[in-house]
There are 2 protein chains.
Amino acid sequence: MRGEPRRGRYDSDLMTPDEESLVWTRPAPARRLPQTRESIVAAAVRLADAEGLAAVTVRRLAEELDARPMSIYSYARVESKDELLDLMIDEVCGDMLVEDLPEDWRPALRAIAERTRAALLAHPWWIELIGRNVLLGPHGTRYREQSLAAVRTLDADEPARQAAIVTVQTFVVGQIAFALDEQGAAAAGGRHPEAAIRQYHRQLLATGDFPLLAGAGPAEPTTADDRDRYFAQGLEWLLAGISSAQSPGGRPVQ
Amino acid sequence: MRGEPRRGRYDSDLMTPDEESLVWTRPAPARRLPQTRESIVAAAVRLADAEGLAAVTVRRLAEELDARPMSIYSYARVESKDELLDLMIDEVCGDMLVEDLPEDWRPALRAIAERTRAALLAHPWWIELIGRNVLLGPHGTRYREQSLAAVRTLDADEPARQAAIVTVQTFVVGQIAFALDEQGAAAAGGRHPEAAIRQYHRQLLATGDFPLLAGAGPAEPTTADDRDRYFAQGLEWLLAGISSAQSPGGRPVQ
DNA sequence: ACCTGAACACCGTTCAAGT
DNA sequence: ACCTGAACACCGTTCAAGT
């Protein structure tokens, strides 16, 4: 399959006269198909998912794709690593889109919140990139359109509808941010040894300055289950609050 | 005032025979008082506030304090730059503490939310550091105690009280995150030229795939006023929702 | 024109040498 | 013991040279 009849000793420009090994004993001709932008962005996202944003360096990415560092720029046709990050951001925005958005604002907002949460949990590094106009790209734009569609049936004035969108987005991002914070860099290499944290915590409580924390017992780390519950609970509170903005129910709370 | 009688030509070990300038024409003897941990952390926070987290490098910080890079580690008694960031994080947590926390859960949570928001707007880089156990330090611990104190009067079961805390924290962080995102790196150097964004946006809308965005008119950038309103509105919705968790009013929404 | 090796100006941190 | 200069192994990116 792999082995083709060898035609001559030096007919390949990959072979030099002093090269003694037989062609088929060496790895495939390194036919580096030039990577596409998509394949590079996908590789970068995979890398970030697996090892965190810090692992995404131009050199490392090149290694991953069996290319030279500077080729990343050429192949993906980006002018800087920043632009590559922009592409990664928008890729994840694509994961935040809900397939069949319900008509009603309440299930629609709930669906968006849950879909967004799932995407962010799958790509936690996305949060770290906030502050870079994360909803600017094509998928991000579609996401904004989706949010507008979700609140169409919310019977409130335009500012209230906009506030509802922002509030829900905001809530999701905040939830994930704190969830990631609590599990800490624990996943990302365990910056602080668990034992050290516990001992320090005991030491602080021993001062007597934190009666309520002390009363709460030995700070159990929040479980994934807890976080699911907090998310569901908070979201329902939010939706309940927003529904009070409905015109029939009265003026927006203020 | 500055000039003191010159006592001799070489009596200072800062002066060498070939040094021709007069003592008082040169800057003060560079009496580098060894910096304290506090002064170093304060300088780092100032630097981050003024030029962003990226500007906080060991070398730059040393320059700022007229010290050698490696002295930062000695003076602040930190083992890595990561630990310095931990100190910076906790410093900001100190700014999130409310002086006189109201008794009632509702004004208490509102006060915490507003105080937290003010601190985060003053130190926007804090958000980027989430994921590092931001509430682990002494001030962070006090902040957690404060949150527990705030919900004491909330007549709901423990999980609901915890959810209320998480939800409010979460909301604030999310709000700031999106606010920073919208103003983008605009402040931080303007990654994307305003004109380019507008043109790209027009181009996307021209596809007809975004009827609601198109109908909303030329995407006005959100003003600080808008953000204040969204924050206030969202917070009230949230508090209204939480109040539905009060035992007399019925079981927590679900 | 497209691709890329070498080099540049950074970074955090190690380490051995200073005092 | 405390402090620090030089060096190391990185980083993103420039640039000139290759094809």
Side-chain angles (χ1 to χ4, degrees), chain A residues 10-16 29-37 39-41 43-44 47-48 51-89 125 128-129 132 185 188-192, chain B residues 12-14 16 29-37 39-41 43-44 47-48 51-89 125 128-129 132 185 188-189 191-192:
Chain A
Y10 308 128
D11 57 353
S12 157
D13 55 358
L14 289 174
M15 250 204 262
T16 53
R31 276 239 55 69
R32 56 182 95 276
L33 353 160
Q35 301 283 337
T36 65
R37 167 178 292 185
S39 70
I40 289 176
V41 171
L47 193 52
E51 304 182 32
L53 207 49
V56 182
T57 70
V58 175
R59 283 169 169 86
R60 174 68 192 281
L61 198 52
E63 196 179 310
E64 215 72 29
L65 295 170
D66 189 29
R68 255 53 68 238
M70 293 315 294
S71 305
I72 298 296
Y73 294 94
S74 318
Y75 290 153
R77 222 130 308 188
V78 292
E79 292 196 330
S80 65
K81 188 191 171 185
D82 256 16
E83 288 191 350
L84 181 66
L85 292 175
D86 285 337
L87 293 173
M88 293 170 66
I89 288 168
W125 47 267
E128 293 177 52
L129 295 176
R132 291 170 172 258
R191 275 190 340 120
H192 300 293
Chain B
S12 158
D13 55 358
L14 290 173
T16 53
R31 274 238 57 68
R32 56 183 95 278
L33 352 159
Q35 301 284 336
T36 65
R37 168 178 291 187
S39 70
I40 289 176
V41 172
L47 193 52
E51 305 183 30
L53 207 48
V56 182
T57 70
V58 175
R59 285 170 168 85
R60 174 66 193 279
L61 198 50
E63 194 179 310
E64 216 70 28
L65 295 169
D66 190 28
R68 253 53 69 235
M70 294 314 294
S71 306
I72 298 296
Y73 293 93
S74 318
Y75 291 152
R77 222 131 308 188
V78 292
E79 292 196 331
S80 64
K81 188 192 169 183
D82 257 15
E83 288 191 351
L84 180 66
L85 292 176
D86 285 338
L87 293 174
M88 293 169 66
I89 288 167
W125 47 267
E128 293 177 52
L129 295 176
R132 292 171 171 255
R191 279 191 336 121
H192 301 294

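Residue numbers begin at 1 in each chain, while the letters A, B, ... track the order of the sequences.
- Qualifying side chain to side chain contact (heavy atoms under 4.5 Å, CB included) partners for A:S74, counting only residues two or more places apart in sequence or in other chains: none.
- Residues passing the side chain to side chain contact (heavy atoms under 4.5 Å, CB included) test with B:A48 are B:L53, B:V56, B:M88, B:W125, sequence neighbours excluded.
- Whole-Å rounding puts the B:I72 CD1 to D:dC3 P distance at 12 Å.
- A donor-acceptor pair under 3.5 Å is absent between the side-chain atoms of B:R77 and the main chain of B:R37, judged by distance alone.
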**Fill in**
Secondary structure of DNA chain D per the Watson-Crick/G-U criterion (both distances under 3.5 Å; [ ] crossing, | other strand, . unpaired) is ||.|||||...|||||.||
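- Applying the salt bridge (Lys or Arg N to Asp or Glu O under 4.0 Å) criterion to A:E63, with sequence neighbours excluded, gives no partner residue.
- Rounded to whole Å, the distance from OH on A:Y75 to C1' on C:dA1 is 14 Å.
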**Asked** How does protein reach along nucleotides 5-19 of chain D, written 5' to 3' as B (base within reach of a heavy atom under 4.0 Å), S (only sugar-phosphate), or - (no contact)?
**Response** B-B---BBBB-----
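- With sequence neighbours excluded, the residues forming a salt bridge (Lys or Arg N to Asp or Glu O under 4.0 Å) with A:R60 are A:E51, A:E64, listed by chain and number.
- Not counting sequence neighbours, B:R59 has no partner by the salt bridge (Lys or Arg N to Asp or Glu O under 4.0 Å) test.
- Here the CD1-CD1 distance, from A:I72 to A:I40, works out to 4.5 Å after rounding to the nearest 0.5 Å.
- The one candidate from B:D86, B:T36, B:L84 that meets the side-chain contact (heavy atoms from CB on, under 4.5 Å) condition with B:V41 is B:L84.
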